[in-house]
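Computed from a predicted model, the values in this text were never measured in an experiment. In what follows, every heavy atom counts, from backbone to side chain, and hydrogens, waters and symmetry copies are set aside. Residue numbers run from 1 in the order of the sequence given.
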Amino acid sequence: MNLECERCIAEISLENLKYNYLKIKEQTKGEVMAVIKADAYGHGAAKCAKALESVGADGFAVATVKEALDLKSAGIKGDILILGAVPAPSIEYLLESDIIVSLPSLKNARAYAEHIKSGRLRAHIKLDTGMNRHGISSEDPIKACCEIEELMAMEEFSIEGIFTHLCAADMANGKDFTLRQTELFKNVNDLLMKKGIALKKHCANSAGILSYPQTHFDMSRAGIILYGVNFDRLAPNTLGLRPVMSFKSQITQIKKIHKGDTVGYSRSYTSESDRLIATVSVGYADGLARACSGKISMLIRGLPALQIGNICMDITMVDVTDIKGVSLGDEVTVFGSDGKNSISVEQLAYEADTIPYEILTGISARVPRVYR
């Protein structure tokens with residue numbers, strides 16, 4: 001399968017993915033759990049997990065029961081942790097498949113325990129250090145430890161780890177809050193250690209890995225940086241990580257328009273002179289956000305071509321007036337590398353007033369993933 005017989009594709013470099021994992025591992029000097037939820041941020045969870053297992057990945061993190069079970073069905077042998085709460089009736093399936101669950105509260109744990117008839121379910125405890133989402137509150141470390149001791153006493157669980165999630169580590173003004181979160185996490189664990197309870201600790205997300213070595217603890221969770229993507233277009237790529245995905249399409253028609261002609265739905269673009277435009281077979285149903293209309297360029301023959309008019313569901317238009325030799329079937333790079341130049345997904349996200357995560361996970365299932 002290639003671009004010659006597909007209207008658009010997402011090219012995935014598994015070599016770059018493996019390279020990034022090893023670079024991240026060097027940075028943390030500890031275990032690194034690969035976050036491959038949301039189909040590995042749109043890159044294909046099973047393929048990515050297998051590639052990462054080949055370089056010794058220390059486990060995988062997902063968001064849902066289905067994501068975890070799908071990885072097991074694909075033959076993934078490493079540890080799989082579900083980061084969020086799960087529906088209690090699904091517990092028996094997770095127990096059968098040796099999947100690790102998160103315990104965000106004693107109440108959740110009791111609901112899970114009702115579905116455990118035999119055996120012990122592997123689990124990590126989730127601490128809330130300020131994100132106010134899931135987890136046991138850590139504001140009062142003594143109270144938190146009491147709840148954790150009750151969890152540890154439950155025969156239905158084999159509790160192996162404890163973690164929290166940083167919510168401001170990627171913000172320029174987030175240092176104080178991140179250090180406060182880290183302190184709360186450490187305070188609870190210090191008290192647990194005094195009680196003889198030693199659990200595997202993980203706190204650092206991608207931003208923590210890059211900027212806060214004090215958050216690395218026993219293990220870190222690599223998410224967006226695993227795919228060679230920074231948090232925004234201005235974030236420095238300090239580890240030299242390599243983008244894993246390139247989103248590509250092709251030209252399906254070329255035509256001349258004249259001064260005063262309009263292009264696309266709502267006639268949002270009016271030509272100020274005679275122009276040569278190309279129709280490209282990619283649209284918002286493929287993951288090219290409509291919010292990017294009129295704000296981005298795509299690469300054709302190594303040169304930028306300005307996107308014009310409103311992006312349609314399946315099609316968009318670009319101005320190719322200044323690109324010599326442009327032809328029907330020419331490759332179009334929406335983001336990623338064309339072998340000569342590149343456009344970053346961070347830039348695309350910036351123009352769409354969103355984050356790279358949303359762009360990557362928004363590349364729809366109808367777009368074939370082609371692995372290199």
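Counting non-hydrogen atoms of neighbouring residues, nucleotides and ligands closer than 6.0 angstrom, the CE atom of M152 exceeds 12 such neighbours. Heavy-atom neighbours of K47 NZ from other residues, nucleotides or ligands within 6.0 Å: at or below the threshold of 12. Counting heavy-atom neighbours within 6.0 Å of E358 CD, excluding the residue itself, gives a total of 12 or less. Taking a 6.0 Å sphere around CZ of R267, one finds it holds 12 or fewer heavy atoms contributed by other residues, nucleotides or ligands. In this structure, Y19 places its OH atom where more than 12 heavy-atom neighbours from other residues, nucleotides or ligands lie under 6.0 Å away. Within a 6.0 Å radius of NZ in K37, no more than 12 heavy atoms belonging to other residues, nucleotides or ligands are found. The number of heavy-atom neighbours closer than 6.0 Å to NZ of K186, taken from other residues, nucleotides and ligands shown, is 12 or below.
Taking the six-membered ring for Trp and thresholds of 30 and 60 degrees, Y357 and Y41 have ring planes inclined between 30 and 60 degrees apart. Using the six-membered ring where Trp is involved, F163 and H202 have ring planes that are parallel, under 30° apart on the 30 and 60° scheme.
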- [ ] Verify salt bridge (charged side-chain N to carboxylate O under 4.0 Å, His left out) between E53 and K50, making sure each step is shown before the conclusion.
- [x] CA-CA 5 Å; E53 275 199 331; K50 287 179 181 179; over 6 Å; no

TODO: For the pair D98 and R122, evaluate salt bridge (charged side-chain N to carboxylate O under 4.0 Å, His left out) and give the outcome as yes or no after the intermediate values.
DONE: CA-CA 7 Å; D98 194 35; R122 299 174 69 193; 3.3 Å; yes

- [ ] Check the pair R366 / D314 against salt bridge (charged side-chain N to carboxylate O under 4.0 Å, His left out), numbers first and verdict last.
- [x] CA-CA 11 Å; R366 79 178 188 179; D314 316 298; 2.7 Å; yes

Open item on the list: Between F231 and I355, is the side chain to side chain contact (heavy atoms under 4.5 Å, CB included) condition met? List the steps.
Closed with: CA-CA 7 Å; F231 315 108; I355 54 178; over 6 Å; no

TODO: Assess whether salt bridge (charged side-chain N to carboxylate O under 4.0 Å, His left out) is satisfied between E147 and K107, documenting all intermediate values.
DONE: CA-CA 10 Å; E147 188 166 346; K107 188 173 183 179; over 6 Å; no

Open item on the list: Is there a side chain to side chain contact (heavy atoms under 4.5 Å, CB included) between Q307 and M298? Walk through the geometry before answering.
Closed with: CA-CA 7 Å; Q307 188 277 321; M298 303 178 189; 4.2 Å; yes

- [ ] Dump the intermediate steps for side chain to side chain contact (heavy atoms under 4.5 Å, CB included) on D286 and R7, then the final yes or no.
- [x] CA-CA 10 Å; D286 303 298; R7 43 186 299 284; 2.7 Å; yes

Task: Step-by-step side chain to side chain contact (heavy atoms under 4.5 Å, CB included) determination, V282 to F247 - done: CA-CA 10 Å; V282 63; F247 189 25; 3.6 Å; yes

TODO: Run the numbers on T252 and T279 for side chain to side chain donor-acceptor pair (under 3.5 Å), then give the verdict.
DONE: CA-CA 6 Å; T252 55; T279 302; 5.1 Å; no

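Applying the 4.5 Å side-chain rule to ILVMFWY residues, one finds I257, V263, Y269, I277, L306, I308, M317 in the same cluster as I315. Hydrophobic clustering, defined by side-chain heavy atoms of Ile, Leu, Val, Met, Phe, Trp and Tyr closer than 4.5 Å, groups L191 together with I142. Hydrophobic cluster membership of L166, counting Ile, Leu, Val, Met, Phe, Trp and Tyr whose side-chain heavy atoms lie under 4.5 Å apart directly or via other members: none, as it forms a cluster of its own.
Contact of the D322 side chain with the L303 side chain is not registered, since no non-hydrogen atoms from C-beta on lie closer than 4.5 Å. Counting heavy atoms from C-beta outward, T178 and R180 have side chains that stay 4.5 Å or more apart.
Closest of all the heavy-atom pairs between I209 and Q27 is O-NE2, 3.3 Å. Considering every non-hydrogen atom in both S337 and G339, the closest pair reads OG-N, 3.0 Å. The minimum heavy-atom distance linking S102 with P104 is given by the pair O-CD, 3.3 Å. Nearest heavy-atom pair, N310 versus R290, reported as atom, atom and distance to 0.1 Å: ND2-NH2, 3.3 Å. For P236 against N230, the heavy-atom pair with the smallest separation is O-OD1, 3.7 Å. Minimum interatomic distance between N341 and D338 (heavy atoms only, all atoms of both residues): N-OD1, 2.7 Å.
With hydrogens and angles disregarded, no donor-acceptor distance shorter than 3.5 Å links the side chain of T333 to the backbone of G336.
Counting only N and O atoms by type, the side chains of Q214 and T182 include no donor and acceptor under 3.5 Å apart. With 3.5 Å as the limit, one finds no donor-acceptor pair spanning the side chains of N205 and Y212. With hydrogens and angles left out, the side-chain atoms of T28 and S220 include no donor and acceptor closer than 3.5 Å.
Between E156 and R110 there is no salt bridge, since none of the side-chain N atoms of the basic residue sits less than 4.0 Å from a carboxylate O of the acidic one.
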